[in-house]
Amino acid sequence: AQDCQVANIPVMQNFDKSRFAGKWYAVAKKDPVGLFLLDNVAATYVIDESGKMTANAYGRVIILNNWEMCANMFATFEDTPDPAKFKMTYWGAASYLQSGNDEHWVIDTDYDNYAIHYSCREVDMDGTCLDGYSFIFSRHPTGLRPEDQKIVTDKKKEICLLGKYRRVSHTGFCESS
Ligand code: AZE
């Protein structure tokens, strides 16, 4: 499972979205091409009584060359035959923020401490990912527990993104949003 083919990327087995619900802090990210969330990124997932997952997320962005703000984002998720793979439709609270449709895969999680998110936006002719993004999430704003770091490193390797992440700082910039 290390041929870097998007179709062969292993995802979380028996993913349980109700255990995934709640707030996650991004501690590291791999950026896609173009505009993206810079730092102070967190996401809160909600599962309603019918089992449908939605989320809101925030993060610092710079738009229109030099305007720094917190992007307040919303998402709905469509289930797929694989319980760890969702089709995400997302949009911003303001119209000048980004909107679109992305894959939302959960590669691995223990639900209580860490989660590895993955989204390939464009699959190359050879089946590898040409453009995508990924977040390492923690339940703790302070980062990953030392005991989870090796698991996360091993998974980054499995999804062919080892060495491609940057740390996501939390400075309180988006705390009021
Ligand atoms: C994600 C967590 C689940 C909800 C959402 C997420 C993604 C958000 C973006 C936002 C980009 C905004 C930009 C604004 C100028 C995966 C973090 C919505 C991709 C670039």
Side-chain angles (χ1 to χ4, degrees), residues 6 9 11-12 15-48 51-80 82-109 111 113-122 129-141 143-144 152 155-156 159 161 164-171 173-177:
V6 175
I9 285 179
V11 296
M12 182 69 186
F15 178 69
D16 180 346
K17 57 191 170 187
S18 61
R19 294 184 65 195
F20 192 74
K23 187 165 185 176
W24 291 98
Y25 297 90
V27 299
K29 68 184 169 93
K30 186 269 172 197
D31 292 334
V33 170
L35 270 188
F36 200 53
L37 302 168
L38 296 171
D39 50 38
N40 290 279
V41 180
T44 302
Y45 296 82
V46 175
I47 318 298
D48 74 14
K52 275 194 77 65
M53 185 162 81
T54 59
N56 53 70
Y58 60 72
R60 189 173 68 93
V61 291
I62 293 177
I63 51 171
L64 309 170
N65 285 321
N66 238 320
W67 186 20
E68 182 189 56
M69 65 176 293
C70 282
N72 261 305
M73 309 296 299
F74 305 101
T76 58
F77 297 88
E78 195 187 303
D79 292 340
T80 72
D82 188 319
K85 295 182 179 178
F86 297 85
K87 303 273 181 204
M88 179 177 90
T89 299
Y90 72 101
W91 64 94
S95 58
Y96 45 78
L97 295 170
Q98 195 165 268
S99 62
N101 293 286
D102 281 342
E103 297 286 332
H104 186 288
W105 294 5
V106 178
I107 301 298
D108 190 28
T109 184
Y111 302 104
N113 298 287
Y114 73 91
I116 300 150
H117 151 278
Y118 176 85
S119 177
C120 184
R121 280 182 170 166
E122 200 181 341
C129 189
L130 190 59
D131 180 27
Y133 63 100
S134 171
F135 284 104
I136 308 300
F137 286 124
S138 175
R139 288 292 191 188
H140 321 288
L144 290 180
V152 169
K155 290 290 170 183
K156 286 176 174 176
I159 61 178
L161 291 179
K164 304 250 159 105
Y165 291 81
R166 294 161 164 277
R167 227 186 257 333
V168 174
S169 58
H170 287 268
T171 61
F173 184 81
C174 293
E175 220 84 300
S176 53
S177 41

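These numbers come from the heavy atoms of this one structure, side chains and all, not from hydrogens, waters or symmetry mates. One-based numbering, in listed order, for ligands and for the atoms of each.
Comparing heavy-atom distances from atom 7 (C) of ligand 1 across M88, M69, E103, M73 singles out M88 as nearest. Around atom 9 (C) of ligand 1, the closest heavy atom drawn from L38, D102, L37 belongs to L37.
Less than 6.0 angstrom separates the ring centroid of F20 from the ring centroid of F15.
Proximity of a side-chain donor or acceptor of K30 to a complementary backbone N or O of Y118 within less than 3.5 Å is not detected.
Less than 4.0 angstrom separates some heavy atom of A43 from each of these atoms of ligand 1: 2 (C). For ligand 1 and F36, the ligand atoms under 4.0 Å from any heavy atom of the residue are 19 (C), 20 (C). Atom numbering of ligand 1 starts at 1 in the shown order; those under 4.0 Å from a heavy atom of F135 are 17 (C).
Residue contacts with ligand 1 for Q98 involve both N, CA, C or O and side-chain atoms from C-beta outward (heavy atoms, distance under 4.0 Å). Under 4.0 Å from ligand 1, the heavy atoms of I63 that appear belong solely to its side chain.
Residues forming a side-chain contact (heavy atoms from CB on, under 4.5 Å) with L144 (at least two apart in sequence, or on another chain): V27, Y114, I136, S138, Q149, V152.
In terms of protein heavy-atom proximity, atom 16 (C) of ligand 1 is closest to H117 NE2, 3.9 Å.
By the 30° and 60° cut-offs, the orientation of the rings of F137 relative to Y45 is perpendicular. Between F77 and H104, the ring-plane angle classifies as perpendicular under the 30° and 60° cut-offs.
Using a 4.0 Å heavy-atom cutoff, Y45 is listed among the residues neighbouring ligand 1.
Of the protein's heavy atoms, at least one falls inside 4.0 Å of atom 2 (C) of ligand 1.
Look at K164 and D31 and you find no salt bridge, because none of the NZ, NE, NH1 or NH2 atoms lies under 4.0 Å from a carboxylate O. Ion pairing of R60 with E68 is present here, as a side-chain N (NZ or NE/NH1/NH2) and a carboxylate O approach within less than 4.0 Å.
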